[in-house]
Participant: 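Structure below; questions to follow.
Side-chain atoms are counted along with the backbone in the values below, which use heavy atoms only and exclude waters and symmetry mates.
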Amino acid sequence: MLDDEVRLLLAAQTDALLDEAVVPMFLAPPDVCETAGATLFYGLVPTTSSERAEGGAPLFDEEAFGPASADFKAHLVGPLRGLADSLPRPGRSLTPDLAAIAGNPSDSDQSSMKRLLLLLRQLAVEFDAFGDNADADALLALLNGIALPLADAAGRSIPGSTPAGDFLAAASRILLDGESMSPAPTIPAAWPALDSATSTALATALSACLQRRFDAVSGVAGRFDDPGARYVLRAFVRLKPEGHCPARTVWSDYSPAFVIAPWYEGGGAPPVQVPLPDPSDREMLKKLVPNVAFTVPASLQNLLGGDPLDLMEGKKPADSGLKLGWICSFNIPIITICAFIVLNIFLSLFDLFFRWMMFIKICIPFPKKGGGE
């Protein structure tokens, strides 16, 4: 961030167009130049940079994932594609506790609640449909043109309707954010099938919201981030005037084209070794005093202090009433051991799908230093 601010300040100067970004070169030792029979220069080639790539952020591919594309339509949940769908607990007041229906296999409305939650997540998270911007307002207005029929306490359809946009916005706050509203909205009878014109207009509005979302999160790639980019180098030397010879610049030929390897590729160097302490050595463990501390808020401490079995079952522990923050200290090598154990567990689990263990993990035995039994 500071580099960007400095760059903007420099660019605002009147002679900024005359500035240039160069990498300095260095003269090789005299004996090397003498052996080569030429004056040699060398320099370091930068492969990382805080600068952004030219051309701005990547463009949203409307042809491949636009509102008329098959992939975009297939990605939408049923109601957003114009398909009719049932709603859970029609005629009931919508309250945060109803979200638990999605996790209850014995509930007849489990499937419909899962579909409703998926609809709300897609609108709220992917499309930012309830955000504060012009595209979201246009989408909400279009959704409000869809009338959801009302239902009585027994779930039977009754005369009247409610705008879909207002219901979905309230349902997002209640079911996704856990808010309670007074008065609570009533769950409509069902989601109706949409005609072709409404479905097309809805897809267009959703695509506009997605493009805005894409522009907000895509960002601009770094100067050397494109794995398919090809680079060439060209060196130059500025010669000072000497006698009757004026100052001049001598340019080298272009280098052969090359690529910059991604950060995750190995460069052929041996791996960095991280020695782990022996957790079975009790005397050694006594020496591993805490050397890092976490400031834990009261709500998180209350969560971690509950029964682990309740956490596994998704049960929130009861509030202890204490509003005390905690400072928890640990030893970094012990944290590393825990992370190493968890890493190996997940590597083994994911190996069932990726079959990658033979490539990414190589363990070889080595003798204990200083001999041993």
Participant: Kindly compute the distance separating CD (Q211) from CG (L206), expressed to the nearest 0.5 Å.
Facilitator: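 One gets 11.5 Å once the value is rounded to the nearest 0.5 Å.
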Participant: Heavy-atom count check: over 12 atoms from other residues, nucleotides or ligands less than 6.0 Å from E265 CD?
Facilitator: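 Counting other residues, nucleotides and ligands, CD of E265 exceeds 12 neighbours.
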Participant: Identify the two heavy atoms, one from P192 and one from I146, that lie closest to each other, and give their separation to 0.1 Å.
Facilitator: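 The answer is CG-CG2, 4.2 Å.
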Participant: Side chains of F224 and S49: does their closest heavy-atom pair fall under 4.5 Å?
Facilitator: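 Yes, side chains in contact.
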Participant: For the CD1 atom on I362, are there more than 12 heavy atoms of other groups (residues, nucleotides or ligands in this structure) within a distance under 6.0 Å?
Facilitator: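 No, because the 6.0 Å sphere around CD1 of I362 holds 12 heavy atoms or fewer from other groups.
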Participant: Under 4.5 Å between side-chain heavy atoms, counting indirect links through other Ile/Leu/Val/Met/Phe/Trp/Tyr residues: same cluster for I327 and L304 or not?
Facilitator: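 Shared cluster, no.
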Participant: State whether R115 and D85 are salt-bridged, where the test is any N-O pair (Lys NZ or Arg NE/NH1/NH2 against Asp/Glu carboxylate O) under 4.0 Å.
Facilitator: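 So R115 pairs with D85 through a salt bridge.
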Participant: Hey, could you give me the CG/CG distance between L94 and L87, rounded to the nearest 0.5 Å?
Facilitator: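 It is 10.0 Å, given to the nearest 0.5 Å.
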Participant: Please find the pair of heavy atoms, one from A203 and one from P67, that lie closest to each other, and give the distance.
Facilitator: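 Shortest heavy-atom contact: O-CB, 3.6 Å.
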Participant: Any side-chain heavy atom of E63 sitting closer than 4.5 Å to one from S69?
Facilitator: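 No, every pair of side-chain atoms sits at 4.5 Å or beyond.
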Participant: So, taking the atom named OG in S207 and the one named CG in D135, what distance separates them when rounded to the nearest 0.5 Å?
Facilitator: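 Interatomic distance, S207 OG to D135 CG, rounded to 0.5 Å: 9.5 Å.
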Participant: L233, M25: one ILVMFWY side-chain cluster at the under-4.5 Å cut-off?
Facilitator: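 Result: no, two separate clusters.
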Participant: I'd like to know whether L347 forms a side-chain contact (heavy atoms from CB on, under 4.5 Å) with D351, so could you lay out the CA-CA distance, the side-chain angles of the two residues, the decisive distance to 0.1 Å, and finally the verdict.
Facilitator: CA-CA 6 Å; L347 285 179; D351 186 58; over 6 Å; no
Participant: Just by modelled atom types, is the A147 backbone N or O under 3.5 Å from a matching donor or acceptor in the S161 side chain?
Facilitator: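 Checked: no pair found.
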Participant: How about F130 and L123: do any of their side-chain heavy atoms sit closer than 4.5 Å?
Facilitator: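 Of all side-chain heavy-atom pairs linking L123 with F130, at least one is under 4.5 Å.
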Participant: Please answer: with hydrophobic residues joined when any side-chain heavy atoms are less than 4.5 Å apart, are V125 and L175 in the same cluster?
Facilitator: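 Not linked; separate clusters.
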Participant: Assess whether atom CD1 of I360 is packed by more than 12 heavy atoms of other residues, nucleotides or ligands within 6.0 Å.
Facilitator: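 Enclosed.
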Participant: Between L168 and W191, is there a side-chain heavy-atom distance shorter than 4.5 Å?
Facilitator: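 They are in side-chain contact.
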Participant: For atom CZ of F340, is the number of surrounding heavy atoms from other residues, nucleotides or ligands below 6.0 Å larger than 12?
Facilitator: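 Atom CZ in F340 is not crowded, with 12 or fewer foreign heavy atoms closer than 6.0 Å.
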Participant: Quick one: does L210's side chain get under 4.5 Å of F72's, heavy atoms only?
Facilitator: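 L210 vs F72: side chains touch.
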Participant: Is a side-chain donor or acceptor of S348 paired with a backbone partner of N344 at a separation under 3.5 angstrom?
Facilitator: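 At least one qualifying donor-acceptor pair exists.
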Participant: Report yes or no: do L343 and F359 belong to one cluster of Ile/Leu/Val/Met/Phe/Trp/Tyr joined by side chain heavy-atom distances under 4.5 Å?
Facilitator: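 Shared cluster, yes.
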Participant: Among T186, L98, D109, whose side chain to side chain contact (heavy atoms under 4.5 Å, CB included) with R92 holds?
Facilitator: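 Result for side chain to side chain contact (heavy atoms under 4.5 Å, CB included) with R92: L98.
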Participant: Could you tell me whether the side chain of E179 and the main chain of I174 form a donor-acceptor pair under 3.5 Å?
Facilitator: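 No; zero donor-acceptor contacts below 3.5 Å.
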Participant: Kindly say whether L194 contributes a backbone atom to a donor-acceptor pair with the side chain of T198 at under 3.5 angstrom?
Facilitator: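 Side chain of T198 to backbone of L194: no pair is present.
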Participant: Do F26 and F41 pass the side-chain contact (heavy atoms from CB on, under 4.5 Å) test, and can you show the C-alpha distance, the side-chain angles, and the key distance before you say yes or no?
Facilitator: CA-CA 5 Å; F26 307 94; F41 293 85; over 6 Å; no
Participant: Return yes if some donor-acceptor pair links the side-chain N/O of R81 with the main-chain N/O of L76 below 3.5 Å, else return no.
Facilitator: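 Pair found, side chain donor or acceptor close to backbone of L76.
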Participant: Around atom CH2 of W251, are there more than 12 heavy atoms from other residues, nucleotides or ligands closer than 6.0 Å?
Facilitator: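 Yes, CH2 of W251 has more than 12 neighbouring heavy atoms, counting only those of other groups under 6.0 Å.
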Participant: Under 4.5 Å between any side-chain heavy atoms of L150 and T162, yes or no?
Facilitator: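 Heavy-atom side-chain distance check passes, below 4.5 Å.
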Participant: Following the transitive rule for hydrophobic clusters with a side-chain heavy-atom cut-off under 4.5 Å over Ile, Leu, Val, Met, Phe, Trp and Tyr, establish whether L276 and I335 coincide in one cluster.
Facilitator: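 Different clusters.
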Participant: In terms of heavy-atom contacts, does CG of D253 have more than 12 from other residues, nucleotides or ligands at under 6.0 Å?
Facilitator: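 At most 12 heavy atoms, drawn from other residues, nucleotides or ligands, come within 6.0 Å of this atom.
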Participant: Please walk me through it: do R238 and F236 pass side-chain contact (heavy atoms from CB on, under 4.5 Å)?
Facilitator: CA-CA 7 Å; R238 289 194 179 99; F236 67 91; 3.7 Å; yes
Participant: Go through T48 and W263 one step at a time and tell me if the side-chain contact (heavy atoms from CB on, under 4.5 Å) criterion holds.
Facilitator: CA-CA 10 Å; T48 60; W263 62 268; over 6 Å; no
Participant: Side-chain contact test, heavy atoms from C-beta onward, threshold under 4.5 Å: evaluate it for P96 versus S180 and give yes or no.
Facilitator: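 When only atoms from C-beta onward are counted, S180 and P96 do touch, with a gap below 4.5 Å.
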Participant: Could you tell me whether a side-chain N or O of R230 sits under 3.5 Å from a main-chain N or O of G228, the two making a donor and an acceptor?
Facilitator: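 Between the backbone of G228 and the side chain of R230 there is a qualifying donor-acceptor contact (under 3.5 Å).
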Participant: Between R156 and D152, does at least one N-O distance fall below 4.0 Å, as a salt bridge requires?
Facilitator: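 D152 and R156: salt-bridged.
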Participant: Check whether Q122 reaches the backbone of H75 with its side chain - one donor and one acceptor, N or O, closer than 3.5 Å.
Facilitator: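 Judged by distance alone, yes, a pair lies under 3.5 Å.
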Participant: Would you mind reporting whether I260 and V45 have side-chain heavy atoms less than 4.5 Å apart?
Facilitator: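 Answer no - side chains too far apart.
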Participant: Between L142 and A205, which heavy-atom pair has the shortest distance, and what is it?
Facilitator: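 Nearest heavy atoms, L142 then A205: CD2-CB, 4.0 Å.
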Participant: Determine yes or no for a side-chain-to-main-chain donor-acceptor pair under 3.5 angstrom, with S252 supplying the side chain and A235 the backbone.
Facilitator: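 Yes, the answer is positive, given that a donor and an acceptor are paired below the 3.5 Å cut-off.
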Participant: Counting only heavy atoms not in R248 (residues, nucleotides, ligands), do more than 12 fall under 6.0 Å from its CZ?
Facilitator: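 Check fails, neighbour count at 12 or below.
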Participant: Could you tell me whether a side-chain N or O of N144 sits under 3.5 Å from a main-chain N or O of D166, the two making a donor and an acceptor?
Facilitator: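 At least one qualifying donor-acceptor pair exists.
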Participant: Hey, is CD on E126 packed in by over 12 heavy atoms from elsewhere, all under 6.0 Å?
Facilitator: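 Atom CD in E126 is packed in, count exceeds 12.
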Participant: Is a salt bridge present between D107 and R89, judged by a nitrogen-to-oxygen distance below 4.0 Å?
Facilitator: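 Looking at R89 together with D107, the answer is yes, because their closest N to O distance falls below 4.0 Å.
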Participant: Give the minimum heavy-atom separation between P88 and I187, together with the two atoms involved.
Facilitator: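 Shortest heavy-atom separation between P88 and I187 comes out as O-CG2, 3.2 Å.
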Participant: Which atom pair, heavy atoms only, marks the closest approach of A124 to L176?
Facilitator: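 Heavy-atom minimum between the residues: CB-CD1, 4.1 Å.
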